J.: 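Sharing a structure with you now.
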Amino acid sequence: MSSGTSLSSASTKYRNFKEITRHRLLNEMLRSCKTWNSKSTWKVLVMDEFTVKIMSHACTVVDTTNEGVSLLERIDKKRQRLPSMDAIYFIRPSKENVRFFLSDMSGGVPFYRKAFVFFTSPISKHLVGQIKADASLRSRISALSEMNLEYYAIDSQGFVTNNQRALQQLYGDKDDSREAEACLNEMAARVATVFASLRELPVVHYRAANRFDATVETTFCDLIPTKLAAGIWDSLMHYKRTIPDFPQRETCELLILDRSVDQIAPIIHEWTYDALCHDLLEMEGNKYVHEVANITGGPPDKKDVLLDECDPVWLELRDRHLGFALEWLKSELSSLKQNKVARFENSRDGQSPEVSSRELKDITEALPQYLELKEKLSLHIEIASKLNTIVRNFKLPFLSELEQSLVYGDAGIREVIMFLRIHGPSIGREHMLRLLMIAAAIYPEFLKDGGYLQMMMKHANLLPQDMTAVRNMKLIGKGQEGSSGIFPMKFGIAKRERYRKERPREDEWRYSRFSPMIEELIEKLSNGALSEELYPCVNPNACVPKSRRTPTWAHRRTSDDGLSRYASSGYEKMGQRIFVVIVGGATRSELRVCHKLTAKLKREVILGSSSLDDPASFVTNLKMITAENKPLMLDDVQI
């Protein structure tokens, strides 16, 4: 059984992380089926629930159609029998999927003429034996391969493993840790497929347990990064033995963290365009419902649009402050109105202005681009205006000022209480809850005072179940160096020592003080300054890669794979990649940091996590954690 093909080094263009993922799915899987024993021009692509999302995050329907796929099907749903067509199966190697496949292709009349089977990760010998044991399948299977690709590429520099319940499974009651162990094992296997896809062997750093001492009891939560590092390393050693062109020496760096590294990032109010869209608007993933004027004069039509990297306006604004976005959109709209095409379109008398035939030709050629830009600007002006209205209505500037003052030690619990008394009735319950969660992370001792909690709950108009999220902040706060909370000083001091280093401001926009903790950690890792005691390495005799030359496997093989429109001109001189994996959910502010540091460090920084959470989903997940966390001895963990 094949383990996937090599990424050739014949070209000079660098592919970023998402481009490589897309290339593998289209070229190594779909296009490769054209060259094998296939007589049918069009094929059926059969997937399971998980692989449907893998494909949708990396490719479009047009992409798959261009590679000869005429029909997309779910393996677990009722399907039409098409015995004259070939099928491509892209499925997880589970018992259930193998059973569905055998039902499709064995027996007298199979569902499809031929089957090209691609598994997302290594398949067990037992399941391979089941497939080989059926004699009727031998002439019907044209390919049986392991793609080793089991993640969602959510961004050009981001992926998730789709372990949405990791926070509950890993930080909850550990009387029975089987669910938690299964979650970590699954996540480790899926993270490892990222390196199999990119043909990378990382130096694996991980956050050490808070008290890495064999004589002291250590909880399961303390060991989450340790256990994940061990699981990823085991999978990488398997790939090193089984994939012919897998690197034998380290080619990149990986830093494994968990949500305790930064309790604040998931809940603080961020002011970038991307973060605000996913925080304040009712979006489903990247889908936004855009209202378009009805040409008949009736109620506006609703249109689903994707806010992603195919939208140039989104790409320009996503990591920018809302204030910048509003000014930029105003400027672009003004420039658009001065466009020759716009003047031609909006002539006052309804007649076409007098133009030469050459000008008319130029206008005609520019019209599609003009209309597309006009539509995009209209969309984002609507979005930015909505955001600005919500921000003002909920008085978020006042709230954000206090949040950032809390984080950097310029305010304390007294200021929180005063704020609640003055603004509590006018600010939404969800926003006030996040303020109290930040206070709980910074001042964990106030959780022990029932009087303070009751008073805050009353002023913030919170429900008893909301306070569960506040109390549960302590469960994900055990990763801070030498402390059970961010500020271990005595309660009641208004000005405390700053735990979080305030970084130099990059712009003059207000409320831009906050920076996620991973920014400093990534810079230290890149500079070789990361503490070996706090972030040890799994690799025996690790050779930290120093070369700034792009690895040969990362080059483009051909120019006809449809990737040129995603080309990133700044990647050609990139150094070795840096990967950061956060267990328990990553945030859009942390993804923004990866975009920024890629340009700054000249190294592609890729963020991975169990999920990408907006504040509402993180708060919901936190409420669902059970409180008990039993001790676990370090002897139980082997690296």
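Only heavy atoms go into these numbers, but all of them, side chains included; no hydrogens, no water, no symmetry mates. Remember, it's a predicted structure, so these values are computed and weren't measured experimentally.
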J.: Verify whether the ring centers belonging to Phe17 and Tyr151 lie closer than 6.0 Å.
T.: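 Yes, they do, as the ring centres are separated by less than 6.0 Å.
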J.: Do Val52 and Phe90 make a side-chain contact, defined as non-hydrogen atoms from C-beta onward lying under 4.5 Å apart?
T.: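 No; the side chains remain at least 4.5 Å from each other.
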J.: Do Phe159 and Val581 make a side-chain contact, defined as non-hydrogen atoms from C-beta onward lying under 4.5 Å apart?
T.: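 Phe159 reaches Val581 side chain to side chain.
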J.: Heavy-atom distance under 4.5 Å between the side chains of Ile232 and Ile256, does that happen here?
T.: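 In short, these two side chains touch, coming nearer than 4.5 Å.
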J.: So, the side chain of Gln248 versus the backbone of Phe246: is there a donor-acceptor pair under 3.5 Å, distance only?
T.: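 Pair found, side chain donor or acceptor close to backbone of Phe246.
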J.: Determine, stepwise, if the pair Ile88 / Val44 fulfils side chain to side chain contact (heavy atoms under 4.5 Å, CB included).
T.: CA-CA 6 Å; Ile88 303 170; Val44 181; over 6 Å; no
J.: Taking all non-hydrogen atoms of both residues into account, name the closest pair between Trp233 and Pro540 and its distance.
T.: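 Trp233 and Pro540 have their closest heavy atoms at CZ2-CD, 3.7 Å.
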J.: Main chain of Leu71, side chain of Lys43: is a donor-acceptor contact present, judged purely on distance under 3.5 Å?
T.: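 No, the answer is negative, given that no donor and acceptor are paired below the 3.5 Å cut-off.
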J.: Minimum heavy-atom separation for Ser610 to Val160, with atom names?
T.: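 In terms of heavy atoms, the two residues are closest at O-CB, 4.2 Å.
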J.: Could you tell me which non-hydrogen atom of Leu25 sits nearest to which non-hydrogen atom of Ala58, and how far apart they are?
T.: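 Closest pair (atom of Leu25, atom of Ala58, distance): CD1-CB, 3.8 Å.
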J.: Output yes when Asp63 and Arg22 qualify as a salt bridge under the 4.0 Å nitrogen-oxygen rule, no when they do not.
T.: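 Result for this pair is yes, salt bridge flagged.
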J.: State whether Glu73 and Arg79 are salt-bridged, where the test is any N-O pair (Lys NZ or Arg NE/NH1/NH2 against Asp/Glu carboxylate O) under 4.0 Å.
T.: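 Here Glu73 does not pair with Arg79 in a salt bridge, since their nearest N and O are not under 4.0 Å apart.
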J.: Should Ile131 and Val117 count as side-chain neighbours, where that means a heavy-atom distance under 4.5 Å?
T.: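 Ile131 vs Val117: side chains apart.
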J.: Measuring from atom OG of Ser177 to atom CD of Gln169, what distance do you get when rounded to the nearest 0.5 angstrom?
T.: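 Answer rounded to 0.5 Å: 12.0 Å.
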J.: Please round to the nearest 0.5 Å and tell me the distance separating atom NE2 of His595 and atom CG of Leu607.
T.: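 Interatomic distance, His595 NE2 to Leu607 CG, rounded to 0.5 Å: 9.0 Å.
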J.: Evaluate the ring planes of Phe50 and Tyr152, with Trp represented by its six-membered ring, and classify them as parallel (under 30°), tilted (30 to 60°) or perpendicular (over 60°).
T.: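 Rings of Phe50 and Tyr152: tilted, 30 to 60°.
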J.: Let me know which of Arg588, His57, Glu309 forms a side chain to side chain contact (heavy atoms under 4.5 Å, CB included) with Asp155.
T.: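 Running side chain to side chain contact (heavy atoms under 4.5 Å, CB included) over Arg588, His57, Glu309 with Asp155 returns exactly one hit, Glu309.
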J.: Would you say Ser235's side chain and Ala192's backbone share a donor-acceptor pair under 3.5 angstrom?
T.: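 The answer is no, because no donor-acceptor pair under 3.5 Å joins these two groups.
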J.: Quick check for you: to the nearest 0.5 Å, what is the distance between Leu170 atom CG and Cys221 atom SG?
T.: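 Those atoms lie 7.5 Å apart.
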J.: Do any pairs count as a salt bridge (charged side-chain N to carboxylate O under 4.0 Å, His left out) and have a residue in residues 126-138, sequence neighbours left out, and if so which ones?
T.: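 For residues 126-138, and leaving out neighbouring residues, there are no salt bridge (charged side-chain N to carboxylate O under 4.0 Å, His left out) pairs at all.
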J.: Does the side chain of Met517 come within less than 4.5 Å of Leu257's, by heavy atoms?
T.: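 Not touching, per the 4.5 Å side-chain cut-off.
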J.: Would you say the rings of Phe101 and Tyr89 are close, in the sense that their centroids are separated by under 6.0 Å?
T.: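 Yes, ring centres under 6.0 Å apart.
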J.: Could you verify whether a donor N or O on one side chain and an acceptor N or O on the other, from Thr120 and Glu150, lie under 3.5 Å apart?
T.: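 Judged by distance alone, the side chains do pair up.
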J.: Do Val109 and Arg81 pass the side chain to side chain contact (heavy atoms under 4.5 Å, CB included) test, and can you show the C-alpha distance, the side-chain angles, and the key distance before you say yes or no?
T.: CA-CA 9 Å; Val109 183; Arg81 190 181 296 270; 4.3 Å; yes
J.: Contact between Phe118 and Cys33 at the side-chain level, heavy atoms closer than 4.5 Å - yes or no?
T.: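 Side chain of Phe118 against side chain of Cys33, heavy atoms only: contact under 4.5 Å found.
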J.: Salt bridge check: are Arg113 and Asp86 linked by an N-O gap of less than 4.0 Å?
T.: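 Looking at Arg113 and Asp86, the cut-off is met.
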J.: Roughly how far, to the nearest 0.5 Å, is CG of Leu228 from CG of Asp258?
T.: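 If I round to the nearest 0.5 Å, the distance is 9.5 Å.
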J.: Just verifying a value: how many Å separate Asp319 CG and Leu591 CG, rounded to the nearest 0.5 Å?
T.: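 CG of Leu591 is found 7.5 Å from CG of Asp319.
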J.: Quick one: closest heavy-atom pair of Glu67 and Lys34, and the distance?
T.: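 Closest pair (atom of Glu67, atom of Lys34, distance): O-CE, 3.3 Å.
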J.: State the CG-CG distance between Asn97 and Asp48, to the nearest 0.5 angstrom.
T.: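 Answer rounded to 0.5 Å: 4.5 Å.
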J.: Looking only at the side chains, is there a donor atom on one of Thr587 and Glu590 sitting less than 3.5 Å from an acceptor on the other?
T.: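 Side-chain D/A pair, Thr587 to Glu590: present.
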J.: Hey, could you give me each pair passing salt bridge (charged side-chain N to carboxylate O under 4.0 Å, His left out) that has a residue in residues 156-172? Not counting sequence neighbours.
T.: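 Listed by first then second residue: Arg165-Glu179.
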J.: Output yes when Asp245 and Arg199 qualify as a salt bridge under the 4.0 Å nitrogen-oxygen rule, no when they do not.
T.: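 Between Arg199 and Asp245 there is a salt bridge, with a charged N closer than 4.0 Å to a carboxylate O.
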J.: Looking only at heavy atoms, which two atoms of Leu475 and Tyr171 are closest? And how far apart?
T.: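 Result for this residue pair: O-CD2, 3.5 Å.
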J.: Is a side-chain donor-acceptor pair under 3.5 Å present for Glu250 with Asn539?
T.: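 A donor-acceptor contact under 3.5 Å links the two side chains.
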J.: Does the side chain of Asp308 pick up a donor-acceptor pair with the side chain of Asn286 at under 3.5 Å?
T.: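 No, no side-chain donor-acceptor contact under 3.5 Å.
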J.: Trp42 versus Thr65: any side-chain heavy-atom pair under 4.5 Å?
T.: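 Side chain of Trp42 against side chain of Thr65, heavy atoms only: contact under 4.5 Å found.
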J.: May I ask you to check whether His23 and Glu19 show a side-chain donor-acceptor distance below 3.5 Å?
T.: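 No, no side-chain donor-acceptor contact under 3.5 Å.
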J.: Show your reasoning for whether side chain to side chain contact (heavy atoms under 4.5 Å, CB included) applies to Ile141 and Met105.
T.: CA-CA 9 Å; Ile141 298 179; Met105 296 303 297; 6.0 Å; no
J.: Strictly distance-based, threshold 3.5 Å: is any side-chain N or O of Ser197 a donor or acceptor partner for the main-chain N or O of Thr193?
T.: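 Between the backbone of Thr193 and the side chain of Ser197 there is a qualifying donor-acceptor contact (under 3.5 Å).
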J.: Please answer whether the main-chain N or O of Ile123 pairs with a side-chain N or O of Glu146 as donor and acceptor at a distance below 3.5 Å.
T.: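 Pair found, side chain donor or acceptor close to backbone of Ile123.
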J.: Which one of Arg577, Gln576, Arg603 satisfies the side-chain hydrogen bond (donor to acceptor under 3.5 Å, both in side chains) criterion with Glu253?
T.: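 For Glu253, the side-chain hydrogen bond (donor to acceptor under 3.5 Å, both in side chains) test succeeds with only one of Arg577, Gln576, Arg603, which is Arg603.
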J.: Does the side-chain hydrogen bond (donor to acceptor under 3.5 Å, both in side chains) test come out yes or no for Thr598 and Gln157, once each step is laid out?
T.: CA-CA 9 Å; Thr598 292; Gln157 294 170 230; 2.7 Å; yes
J.: More than 12 foreign heavy atoms under 6.0 Å from NZ of Lys95: is that the case here?
T.: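 Check fails, neighbour count at 12 or below.
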J.: Let me see the working for Gln164 and Asn162 under side chain to side chain contact (heavy atoms under 4.5 Å, CB included), right down to the final yes or no.
T.: CA-CA 5 Å; Gln164 300 285 347; Asn162 195 40; 3.5 Å; yes
J.: Aromatic ring centroids of Phe195 and Phe579 under 6.0 Å?
T.: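 Between Phe579 and Phe195, which both carry aromatic rings, the centre distance is below 6.0 Å.
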J.: Does Thr242 use its side chain to pair, donor to acceptor, with the backbone of His238 at less than 3.5 Å?
T.: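 Yes, Thr242 side chain to His238 backbone: donor-acceptor pair under 3.5 Å.
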J.: Using modelled atom types only, decide if a donor and an acceptor are shared between the side chain of Thr51 and the backbone of Ile54 within a distance under 3.5 Å.
T.: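 No; zero donor-acceptor contacts below 3.5 Å.
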J.: Looking at Pro225 and Tyr206, what are the two nearest heavy atoms and their distance?
T.: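 Distance-wise, the nearest heavy atoms are O-CB, 3.8 Å.
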J.: With a 3.5 Å distance limit and no angle check, can you tell me whether Ser609 reaches the backbone of Ser611 through a side-chain donor-acceptor pair?
T.: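 Yes; at least one donor-acceptor contact below 3.5 Å.
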J.: Report yes if the side chains of Ser70 and Met85 come closer than 4.5 Å at any heavy-atom pair, otherwise no.
T.: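 Side-chain contact under 4.5 Å: yes.
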J.: Looking at Asn27 and Arg24, would you say the former's side chain and the latter's main chain have a donor-acceptor pair under 3.5 Å?
T.: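 Checking the backbone N and O of Arg24 against the side chain of Asn27, no donor-acceptor pair under 3.5 Å is found.
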J.: Checking side-chain polar atoms at under 3.5 Å, does Glu186 have a donor or acceptor matched by the opposite partner on Asn163?
T.: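 There is such a pair between these side chains.
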